[in-house]
> 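Structure below; questions to follow.
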Amino acid sequence: MESAREASEAPTPAGPGDLLDASTDAAAILSEDGVVIGWTRQAEALLGRAAPDVVGRSAAELVAMPRDPARVAAVAERCRAGMGWSGVVSLRHGDRRALDADLRVSASFRVGETECFLVSARERSHRRAVGQSVLDGFLTRSPVGMAVMDLELRYVWLNDTLERLGGVPREQRLGRRLSELLPGLQAVALEKLMRKVLKTGVPVTDHEYLGWSWADPHRRRAYSTSFFPLEGADGCVTGVCYMVQDVTERWTARQLLSLVNEAGTRVGTTLDVMRTAQELADFCVPRFADFVIVDLLEPVLSTEGHGTWLTDAGPPPDRPVMRRAGMTSVREGCPEAVARVGDTVDFVPPPYGANLLIDGEPILIPVLDGADELWTSEQPERAANIEAFGLHSLISVPLRARNTALGLATFVRSLNPVSFQPDDVLLARELVARAALCVDNARRYTREHTAAVTLQRSLLPHALVGGTALEVASSYLPADPTDGVGGDWFDVIPLSGARVGLVVGDVVGHGIAAAASMGRLRTAVQTLADMEMPPDELLAHLDDLVLRLSAERTDDTAAPQGSTGFLGATCMYAVYDPVTRRCTMARAGHPPPVVVSPDGRVSYPEPPAGPPLGLGGMAFEAAEIELPENSLIGLYTNGLIGGADQDMEHGMALLGEALAGSHADLDVLCASAVRRLVPVPQSDDIALLLARTHALGPDRVVSWDVPADPAAVADVRARATRQVEAWGLADLATTSELIVSELVTNAVRYATPPIRLRLLCDARLTCEVADASSTAPRLRHARITDEGGRGLFLVAQLAHRWGARYTADGKIIWAEQEIP
């Protein structure tokens, strides 16, 4: 025992005695045989036994019950497994009385060769009646308001803190009920809770409610109250005790957070500047104020600038021009007494002026009783309205976002008698900050959307001309503004030989990037069409272009974050020949066209469905159909037939029904079909291109076979001249003679038979020379000393335009002249 004490008193390392004495529980160390080898001062105090009387003796003498070896062995096994054991044990005090203790055996360890166990104990607590000494001591000095009520809920005792919180002297409270001191439903509700506690014996904790401060009747306070029953020595309930805390700051912070979070869901639901401002006004009335106005600077609404003076030279104006964007009032007639929504205003409370918008700090005017000082004689009408409508308290907060001044929000109270307090300024600032971000987002979106729409409109054709071959009409419906502009496009391209090209396409995605890509593809289609490429070859070249554009976007390190390098598109290209009444078409991942015959039958010719543009590695195929005169052919994008149910076949059937059986004006038919299929804005652009076919009569087309003999050129030239004069185009006879002579001579000299000359009189006079050679002529400028080489140059000078196109059997050289 002495050696154990010496070891415990050694300064390094600390012994078990020091460690155990540091605990607040009684503790002892027992050997595996149940012998006490360590005893703390707390154990001496608990059992009234000194260490010399206990150490070295069996712990069984300390337990006031028979020893159970099996139970002891089970506890030892749990401790060795690291789980420990706890339970209630009756211990024997030094004066021979028994006491119940919460006992815990928490660890198993070794001291040398001996296995030991750490045991701690604490006397079990018993419910005791609250004595007057405790009330006068601890409870009186408690920072929490406390009171004791009897079974009739009359005050028996209260501490000084509750007296200060309530503001009612102790003498007036004792012997009276809460409902007698605080009339109203709140006192009745509190007494109802106390009766429930008395009846059930179950405490009620942290019950919050709002009440008026006795010290300041015009300011509401938040309180947290807890109730629990009091018991006498016999266990019977003798009363109820309640504790009260002023939690106004916590409640205010929670309400502020809740209100700001709710504002996040109510304000900024759309990307419309005016609507966002009105949502702020609607949300704050009557939650926060009785009258709210939101004024925005003119540049914010015009989307022409940033709405700020921070980047402009020169001082700001004293009275910045703003426009009323939102206004709400609880008092009927109040909004009509001031500027209406949309009117120009200059409301900034003097003497703050424009500095209020620049500095960004809100102003608080708790009491508007000095109207003559704030609104001078220059604004007598405004001062009169303030008095007439009882406006008595005001907060003005600038709307600022991203270092940009946007406008001013003003909150006023009239029916609510409570004036604004500094805490209300914090709430107003948070609400306006959120609304300002929404306004700025809406402003930026509106500006970018306007730019995108302007770009898209400028890239689409302004007028469609189908010549005498086609009567054309189109309808374009942009996507819902919240989804951004898309990349749908359409075009009608005049080609040689009175032919006309029809094209409809759709670029994947929305926004300015999609509109710009659409413009590049439309230009590429026009260029490739002017090169007289057949539809399948045109789509193949367009596919290569899309692949190159996608590679550029992938390699562009300056591309916006989150943008994809893939540029996908679909396209449908068709060429109609009014002479043969045949239409050649090819498509790249695009829906098939719809054809309505003159008798009203609807069909959906399906050329081979090539892959969308931008995938590469797959070929495109063309198909040819014959269209009777006055047939109707429609090309469209998938947005028109997708609909809400995304059933393409159903949408195509509806489109056919809308176009069949109607012989109305083509523009009216096109617009009515779009309205029928798309009654409400969709998330995708919609384009519809309609064309009614016409045929070029045999009296407007003549052709001759040309022998491969230079001597035959004169005869063919004479025939052509007579035909041009027969069409009443004598003014073009001479130039036509020269063009025919040059083209036919070149074909006879350099091309492969058979050779054929064709003249077409349509919107232009066209001369075509066809041969079986695939070699196209090349325009070159002859030198002064050259004897030849000027023929094709003369043709280019005399004709409006000229070119060559390849056919399955060879090529055609053509030249067009404008008809006077």
> Check the surroundings of atom CZ in Arg402: do more than 12 heavy atoms from other residues, nucleotides or ligands lie under 6.0 Å from it?
yes
> Of all the heavy-atom pairs spanning Pro605 and Ile625, show the shortest one and how long it is.
CG-CD1, 4.0 Å
> Are Leu632 and Leu666 close enough, and set up right, to give a side-chain contact (heavy atoms from CB on, under 4.5 Å), and what steps lead you there?
CA-CA 10 Å; Leu632 184 66; Leu666 206 58; 3.5 Å; yes
> As an exercise, state the distance from OG1 of Thr766 to CG of Leu759, rounded to the nearest 0.5 Å.
9.0 Å
> For His800, I'd like to know if atom NE2 has over 12 heavy atoms of other residues, nucleotides or ligands within 6.0 Å.
yes
> Give, for atom CZ of Arg756 and atom CG of Asp771, the distance between the pair rounded to the nearest 0.5 Å.
13.5 Å
> Side chains of Val594 and Met652: does their closest heavy-atom pair fall under 4.5 Å?
no
> Knowing that exactly one of Arg587, Glu624, Glu621 qualifies, which makes a side chain to side chain contact (heavy atoms under 4.5 Å, CB included) with Pro607?
Arg587
> Does a side-chain heavy-atom distance below 4.5 Å link Val744 with Trp704?
no
> Using a 6.0 Å cut-off, check whether atom OH of Tyr806 has over 12 heavy atoms from anything other than its own residue.
yes
> Are the side chains of Arg581 and Thr693 in contact, using a 4.5 Å heavy-atom criterion?
no
> Using only atom types and a distance under 3.5 Å, with no angle test, would you say the side chain of Ser773 pairs donor to acceptor with the backbone of Thr775?
yes
> Any salt bridge (Lys or Arg N to Asp or Glu O under 4.0 Å) involving residues 717-726? Give me the pairs, sequence neighbours left out, ordered by first then second residue.
Asp715-Arg719, Arg717-Glu737
> If we only count heavy atoms from C-beta on, is the Pro534 to Val575 side-chain gap below 4.5 Å?
no
> Given 3.5 Å as the limit, does a donor-acceptor pair link the side chain of Ser496 with the main chain of Trp802, or not?
no
> So which of Arg499, Arg801, Lys811 actually passes salt bridge (charged side-chain N to carboxylate O under 4.0 Å, His left out) with Glu532?
Arg499
> Taking atom CD of Glu626 as the centre, does the number of heavy atoms from other residues, nucleotides or ligands within less than 6.0 Å exceed 12?
yes
> Kindly compute the distance separating CD (Glu448) from CZ (Arg443), expressed to the nearest 0.5 Å.
10.0 Å
> Please tell me whether Glu742 and Asn746 have a donor and an acceptor in their side chains that are separated by less than 3.5 angstrom.
yes
> Which heavy-atom pair separates Leu502 from Ala691 by the least distance, and what is that distance?
CD1-CB, 3.9 Å
> Working to the nearest 0.5 angstrom, can you tell me the gap between Thr523 OG1 and Trp489 CH2?
10.0 Å
> Is the shortest heavy-atom distance from the side chain of Met585 to the side chain of Leu635 under 4.5 Å?
no
> If only atom types and distance count, is the side chain of His590 paired as donor or acceptor with the main-chain N or O of Tyr636 below 3.5 Å?
yes
> Mark yes when over 12 heavy atoms from residues, nucleotides or ligands other than Arg700 sit less than 6.0 Å from its CZ; otherwise mark no.
yes
> With side-chain contact (heavy atoms from CB on, under 4.5 Å) as the criterion, how do Arg676 and Glu657 come out once you've worked through the C-alpha distance, each side chain's angles and the decisive distance to 0.1 Å?
CA-CA 10 Å; Arg676 179 176 176 180; Glu657 293 176 3; 3.4 Å; yes
> Is any side-chain heavy atom of Asp506 closer than 4.5 Å to a side-chain heavy atom of Asp684?
yes
> Could you tell me whether Asp544 and Arg548 have a side-chain N and a carboxylate O separated by less than 4.0 Å?
no
> Without hydrogens or angle criteria, can the side chains of Thr637 and Asp488 be said to hold a donor-acceptor pair below 3.5 Å?
yes
> Between Leu732 and Thr735, is a side-chain contact (heavy atoms from CB on, under 4.5 Å) present by the stated rule, with each step listed?
CA-CA 6 Å; Leu732 301 180; Thr735 56; 4.2 Å; yes
> Any chance you could measure Tyr573, atom OH, to Thr584, atom OG1, to the nearest 0.5 Å?
10.0 Å
> Does the Glu279 side chain pair with the main chain of Thr269, one donor and one acceptor, at a distance under 3.5 Å?
yes
> Nearest heavy-atom pair of Tyr476 and Arg457: which atoms, and what distance?
CD2-NH1, 3.3 Å
> With rounding to the nearest 0.5 Å, note down the distance linking CG in Leu460 to CG in Leu455.
9.5 Å
> Just by distance, do the side chain of Asn441 and the backbone of Leu437 share a donor-acceptor pair under 3.5 Å?
yes
> Do you know which two heavy atoms are closest between Ala712 and Pro707, and how far apart they sit?
CB-CD, 3.8 Å
> Where do His694 and Asn630 land on the side-chain contact (heavy atoms from CB on, under 4.5 Å) test, with the steps shown first?
CA-CA 6 Å; His694 300 294; Asn630 291 324; 3.8 Å; yes
> Kindly indicate whether the side chain of Leu677, heavy atoms from C-beta on, has any atom under 4.5 Å from the side chain of Leu688.
no
> Check whether any side-chain heavy atom of Arg805 sits under 4.5 Å from a side-chain heavy atom of Leu495, and report yes or no.
no
> Between Leu729 and Cys761, what is the shortest heavy-atom contact and its length?
CD1-SG, 4.0 Å
> Please report the shortest heavy-atom distance between Thr721 and Ala733, naming the atom on each side.
CG2-CB, 4.1 Å
